[in-house]
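First up is the structure itself, then whatever we jot down about it.
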Amino acid sequence: MSIKIRYFASLKDYIGHSEDEIIYEKALTVSEVWQQATQNKIKPQNTLVAVNMDYVSWDELVNDSDEVAFFPPVTGG
Amino acid sequence: MSIKIRYFASLKDYIGHSEDEIIYEKALTVSEVWQQATQNKIKPQNTLVAVNMDYVSWDELVNDSDEVAFFPPVTGG
Amino acid sequence: MTVIIKDTPINPYQDLQEYEETKLTKNNAIGASNIFIGTMRDFNEGDHVKLMSLEHYPGMTEKQLNKIIAAANQQWALIDILIIHRVGDILPNEPIVLVSAWSSHRGDAFDACRFIMENLKSKAPFWKKERLINEQERWVISNTKGYLTTKNY
Amino acid sequence: MTVIIKDTPINPYQDLQEYEETKLTKNNAIGASNIFIGTMRDFNEGDHVKLMSLEHYPGMTEKQLNKIIAAANQQWALIDILIIHRVGDILPNEPIVLVSAWSSHRGDAFDACRFIMENLKSKAPFWKKERLINEQERWVISNTKGYLTTKNY
């Protein structure tokens, strides 16, 4: 199972790059994706997550070829 | 005491003209001004009154050379 | 803070641009503006309307609108306010009223603009007479309520 | 219903006029439009800001904005909606966002425009980074609340 991961704004600065990809055998939750991709980095407070461009909760299961994005609270408008 | 009276919109149509003037000895309330000026015409429901371009109640006393205006509910905007 | 009553067409976007370029001050503090434009529809109460005549009470109209602006300024932090209202004969699709509120913050701009519109509709002495396509004329009896939502944002 | 994300300047009044002339339909049914324009201020949290960079998540931004428009359409009777949002580098005084809601009635236009702005501010994936006059850069941490008034209209 291949999962694409993206980081935006201050979270991209925190991680140090904007994209990751992980290959995994079993189904993962969004929380587990964070742990695998960031090698257990502490998750900044208020971090948001989207799967395939929709907001999800951290226990959501991720499917093959999903795009998972992590980012801080939005500040547009 | 001289009082100028103005009628607007549907009330002007109802009265048949747009202005009146009454000369009177004693102090009058707005209600009495209506009665004098219109010769006791029935006052249409919801008629509004302004003295010197400010909304007032019907028991307000009118002073010399005041302008009293009667009109229906406003419908601008 | 400007009130304009005129019997010539309102061109909302040109009028706003011109106002911002020539009259509006403190530009760099402006973070939000909320603009309302009221336009003549060609139907009302199920009838096709071909023309509308707007009567007003000169002097009282300006006095009441300025009181409404003063009340808005007491409640919200506003940088500027523009009210333009058309009088005389109006055709469908033409703007009747424009209200713009400039502020540093959106809450103030939205609230003030709406407050001004609701108060204008209930207190400013304007009256609409409609001419229907059968040439019948009638006074508009009352404005509809600009209900405030109970929905959550 | 149109969503535009662009890295070139928004000219609110020209963009609106052009949109109304070329894309907007059912003109004669429009009785009300409410427009919000968000502009970059040159101060924030007490500091002088000289430039702002707006990052976004291409694809998700459009998806979320279209969901917000769909939610607005479910709650209010709307004729059209336009959202324009700037990305990239922005200077003080330049517009960041424009939202316009066209309807037959003012309640719907006001409510929908505000609903869209509040939801855009909390759900659309945009992020602002400020450059201060001392060249220091910082991410904006969170949007302020567009408080809803408890005052009576």
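Worth knowing before you read on, the calculation uses all heavy atoms, side chains too, and leaves out hydrogens, waters and symmetry mates. Naming convention: chains lettered A, B, ... in sequence-line order (proteins, then strands); numbering from 1 in each chain.
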* Run the numbers on D:Tyr13 and C:Asp15 for side-chain contact (heavy atoms from CB on, under 4.5 Å), then give the verdict. => CA-CA 10 Å; D:Tyr13 305 133; C:Asp15 293 355; over 6 Å; no
* Do D:Gln14 and C:Gln14 pass the side-chain contact (heavy atoms from CB on, under 4.5 Å) test, and can you show the C-alpha distance, the side-chain angles, and the key distance before you say yes or no? -> CA-CA 9 Å; D:Gln14 284 156 256; C:Gln14 284 156 255; over 6 Å; no
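Taking CZ from C:Phe36 and CZ from D:Arg106, the interatomic distance works out to 7.0 Å, rounded to the nearest 0.5 Å. Of the inter-residue distances, the one linking D:Gln17 atom CD with C:Gln17 atom CD reads 9.5 Å to the nearest 0.5 angstrom. Within the model, atoms OG of C:Ser33 and CD1 of D:Ile35 stand 9.0 Å from one another, a figure rounded to the nearest 0.5 Å. Taken to the nearest 0.5 Å, the OG1 atom of C:Thr39 stands 7.5 Å off from the CD atom of D:Glu20.
Within 6.0 Å of atom CD in C:Glu135, more than 12 heavy atoms from other residues, nucleotides or ligands are found, so the atom counts as buried in its surroundings. D:Lys129 NZ: more than 12 foreign heavy atoms inside a 6.0 Å radius. Heavy-atom neighbours of D:Gln74 CD from other residues, nucleotides or ligands within 6.0 Å: at or below the threshold of 12. The neighbour count for C:Glu18 CD, taken as heavy atoms of other residues, nucleotides or ligands under 6.0 Å away, does not exceed 12.
The stretch residues 86-100 of chain C participates, sequence neighbours left out, in these side-chain hydrogen bond (donor to acceptor under 3.5 Å, both in side chains) pairs: C:Ser53-C:Asp89, C:Arg86-C:Glu94, C:Asn93-D:Asn28.
Residue with the most contacts toward chain D among C:Pro12, C:Pro95, C:Ala32: C:Ala32 (heavy-atom pairs, distance under 4.5 Å). Taking chain D as the reference chain and counting heavy-atom pairs below 4.5 Å, the highest number among C:Asp42, C:Ile96, C:Val97, C:Val99 is found for C:Asp42. Across D:Pro92, D:Ser104, D:Gly38, D:Ala71, the residue that shares the most heavy-atom pairs under 4.5 angstrom with chain C is D:Ser104.
Residues of residues 61-70 of chain C placed with any heavy atom under 4.5 Å of a heavy atom in chain D are absent; none qualify.
Using a 4.5 Å heavy-atom threshold, the side chains of D:Arg114 and C:Asp111 count as touching.
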